Amino acid sequence: MSLILETRDLAKSYGQFQAVKGMSLQVVQGAIYGFVGPNGAGKTTTMRIITTLLEPTSGEAYVGGHSVRSAPDDVRRLIGYMPDFFGVYDDMTVWEYLDFFAACYKVPDAQRRRLIDDLLELVDLGHKRDVQVDTLSRGMKQRLCLARTLAHDPQVLILDEPASGLDPRARVEIRELLVELSRMGKTVFFSTHILADVAEICTHIGIVEGGRLVAQGSMADMQRQLRPHRTLRVQFLALQDVLTRAQSVVFGREGVLAVRPIDDDEGPPTLEVDFGGDAAGVSLLLSLLVAQKLPVLHFSETRQELEDVFMQITNGARTS
Amino acid sequence: MTTTAVPEAQGSGPAQQSQPPINGLRQLVSDVLSINPVVLKELRGRMRGARAFVVLTVYLVLLAGFVIFLYYLYSASTATAFSASQRGLVGKFVFGGVVGIELLLVCFIAPAFTVGAVSGERERQTYDLLRTTLLPARSLVLGKLGSALVYILLLLFTALPLQSLAFLLGGVAIEELVLATLLLVTCAFLFSSAGVYFSSLMRRTLGATVLTFGFVLLSLLALPLLLIPLLVFSSAFSFFGSPSVLVQAVMLYAGLLLSATNPIATMIISEVMIVDQTTGLWYATVPLSDPMSGAIGFTAYVPSPWMLFTVFAGVLGVIFVLLAVLNVSRRER
């Protein structure tokens with residue numbers, strides 16, 4: 001797969017403060033790339049450099065092979081940028097808003113009417129065509145802003161916190177729109193705090209902390225890298241010494257790395273097993289427990305949530 | 001396996017070709033003549049609804065009321081019926097009054113239209129959106145300036161019939177009307193450009209407003225303030241006797257240059273030169289006498305200050321526009 005967006009040792013300093021430190025991003029064409037990090041991590045600064053708004057202190061950024069430093073117009077032709085705020089013009093209708101920006105992107109007059117109708121249909125705002133922009137709800141404004149970024153049919157969408165401040169329904173609508181745009185062949189690069197959104201729709205993720213990119217890759221790779229073993233969770237009927245017996249069956253078996261009994265009043269007796277073997281080994285472990293007539297209620301592999309991945313990575317970055 | 005996004009890599013696909021460099025002057029003319037999206041947006045916003053027409057109507061009613069007031073003021077001061085020469089004076093009085101009001105309007109309203117041109121976009125948080133489009137910085141600046149000037153020209157040209165009332169009374173030549181309009185348009189360009197420049201320089205419209213109106217007041221008041229010490233100096237100088245021809249010539253041209261920086265002084269001196277039968281629209285001849293012999297030592301040709309002012313304001317206005325384009329095109333650091 002080819003890269004559509006790349007930064008190399010990108011850095012940005014404001015006096016003594018380093019907002020971005022040697023950021024080297026790689027975004028493949030067609031990806032939905034979640035750029036995740038806490039407030040002040042350098043996400044917006046990086047995006048503003050990529051969108052040609054901000055001069056980097058050092059390093060380079062390329063979009064579609066064009067340098068943001070030396071060919072900003074070529075970069076602007078390829079990107080659609082949505083900042084984390086919505087700029088509103090007074091006395092402007094939805095149609096005029098899109099017409100103005102389409103004209104700014106040099107879309108010929110003859111094509112604009114059709115284009116605007118198509119864009120409004122895509123973001124489900126066709127019925128608001130002649131309504132004043134400042135009377136729209138926040139979710140609608142966000143969708144209109146997304147439509148604006150598409151006016152010149154860009155290859156890459158750079159969206160800064162697109163779901164920030166939206167209600168749950170509007171968030172879902174924006175998420176669905178991003179997936180739809182990805183199906184249309186656009187590369188979506190967006191920053192967010194909302195890890196659920198990333199887990200739901202992203203194909204790739206980059207985690208940024210203190211101005212540094214601490215991890216990046218496909219979602220599957222990232223989870224594999226961060227969790228070298230499986231964690232199995234086995235629940236039993238609450239019988240006398242069930243956990244002690246289960247521990248003795250499991251302990252010392254091939255692939256078993258650690259065993260943790262959990263016996264509290266909140267649920268059935270549970271055993272957590274860190275297991276380094278393959279799927280056949282997992283199956284064998286279950287059959288051993290059953291063969292010893294242990295009353296297994298539930299047997300599952302726990303999935304590591306993205307929140308855990310994020311905390312693990314960012315804590316590591318803080319301590320290193 | 002991924003390939004790099006930089007140009008030297010083969011895998012990133014063909015990079016989109018840059019636009020061939022376009023002749024700057026041709027592009028500039030094209031920008032001015034074609035419908036600039038910024039002009040269209042600004043005019044849509046400005047002319048929408050009743051506001052623009054209410055402003056225009058109120059302005060014309062007030063101006064017409066002022067003309068009627070001037071007419072009755074003058075006629076009340078003369079008990080008998082007007083003779084032809086008196087009618088001419090009334091005509092000049094009315095014309096001068098209307099032009100004076102328009103000059104004040106241009107000096108204070110023209111910059112007010114442009115002072116939020118760029119800083120207002122920053123405050124509305126639309127500046128970044130515009131800067132990531134393909135809209136060149138010069139189109140943004142010229143669009144803002146052009147839309148403001150179009151509205152000011154509308155105000156000026158709708159007042160032309162009121163100025164032309166002077167023709168019914170006589171005493172005003174057509175070249176005076178043309179000259180007054182030229183100077184008003186030049187002032188509008190200068191002060192609108194100053195507004196755009198300071199707006200591009202400051203992050204907030206408040207700061208841009210302070211600087212712009214500071215510049216306007218300096219343009220209007222600097223000359224009178226400078227004249228006071230100059231008069232004191234010249235009277236002290238005359239105490240030592242009449243100055244030589246050279247000193248007289250230097251003082252004459254320095255005074256001319258100074259007056260050509262002030263629109264009010266320019267209008268008054270240009271009008272005086274037109275009215276005076278010995279001078280004219282374009283230039284005057286001033287004989288400078290030798291203090292020793294009293295004979296004419298040198299005849300100075302003095303161009304009418306409206307020409308100098310037009311060039312001065314035009315060049316300064318263009319400089320403001322170019323600096324504003326530079327500020328807008330500059331990437332944030």
Side-chain angles (χ1 to χ4, degrees), chain A residues 1-8 14 26-29 48-49 51-55 57 60-69 71-83 85-92 96-97 99-106 109 145 148-149 151-152 155 158, chain B residues 1-22 30-31 34-49 51-52 116 120-137 139-140 143 328-333:
Chain A
M1 280 190 285
S2 61
L3 294 180
I4 187 80
L5 195 161
E6 185 178 11
T7 67
R8 288 184 178 176
Y14 297 98
Q26 291 190 327
V27 181
V28 294
Q29 199 149 17
R48 287 175 64 78
I49 292 172
T51 51
T52 73
L53 289 169
L54 191 64
E55 188 78 32
T57 307
E60 253 299 2
Y62 301 92
V63 180
H66 301 291
S67 161
V68 297
R69 281 178 187 268
D73 277 354
D74 293 323
V75 171
R76 286 172 193 161
R77 218 167 264 128
L78 293 181
I79 60 165
Y81 174 54
M82 185 165 99
F85 46 79
F86 184 82
V88 184
Y89 287 113
D90 298 333
D91 299 335
M92 218 175 193
E96 286 168 350
Y97 183 80
D99 183 63
F100 170 61
F101 279 102
C104 290
Y105 278 115
K106 302 193 186 304
D109 203 13
C145 206
R148 176 190 58 73
T149 64
H152 58 305
Q155 289 184 32
I158 298 175
Chain B
M1 181 67 186
T2 55
T3 52
T4 180
V6 293
E8 60 268 23
Q10 296 301 307
S12 58
Q16 208 163 328
Q17 290 300 307
S18 302
Q19 288 279 315
I22 302 169
S30 158
D31 274 351
S34 67
I35 299 285
N36 178 322
V38 179
V39 174
L40 197 63
K41 179 190 86 67
E42 293 288 315
L43 288 181
R44 260 183 192 154
R46 191 160 285 149
M47 301 307 285
R48 173 162 293 150
R51 194 180 56 191
E121 295 284 346
R122 289 197 183 103
E123 285 166 343
R124 273 194 301 269
Q125 299 187 310
T126 45
Y127 187 66
D128 283 354
L129 306 184
L130 288 176
R131 295 301 298 125
T132 51
T133 67
L134 299 174
L135 186 77
S139 294
L140 177 60
V328 172
S329 59
R330 193 174 291 147
R331 216 178 295 192
E332 202 181 312
R333 286 177 187 277

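Per chain, numbering begins at 1; letters A, B, ... match sequence-line order. Remember, it's a predicted structure, so these values are computed and weren't measured experimentally.
Note: A:V68 leads A:T149, A:T57, A:V75, A:V68 in heavy-atom pairs under 4.5 Å with chain B. The greatest number of non-hydrogen atom pairs below 4.5 Å with chain A, out of B:E123, B:R330, B:R44, B:Q125, is found for B:Q125. Between chain A and the options B:L134, B:L40, B:L130, the largest number of non-hydrogen pairs under 4.5 Å is found for B:L134. The greatest number of non-hydrogen atom pairs below 4.5 Å with chain A, out of B:V38, B:T126, B:L135, is found for B:T126. Ranked by heavy-atom pairs shorter than 4.5 Å toward chain B, the options A:M82, A:E96, A:M92, A:E60 are led by A:E96.
Both the backbone and the side chain of B:R131 come within contact range of chain A, with heavy atoms under 4.5 Å apart. For A:D109, no part lies near chain B; criterion is any non-hydrogen pair under 4.5 Å. Both the backbone and the side chain of B:R124 come within contact range of chain A, each with at least one heavy atom under 4.5 Å from a heavy atom of that chain.
Side-chain contact between B:D128 and B:E121 is absent, with no heavy atoms from C-beta onward closer than 4.5 Å. Between A:Y81 and A:R48 the shortest side-chain heavy-atom distance falls below 4.5 Å.
If you look at A:F101 and A:Y105, their ring centroids are not closer than 6.0 Å.
One N or O on the side chain of B:R331 and one on the backbone of A:R69 form a donor-acceptor pair closer than 3.5 Å. In this structure, the side chain of A:H152 does not engage the main chain of A:L78 through any donor-acceptor pair within 3.5 Å.
For the side-chain contact (heavy atoms from CB on, under 4.5 Å) with A:I79, the qualifying choice from A:I4, A:L5, A:T51 is A:T51, the only one to do so.
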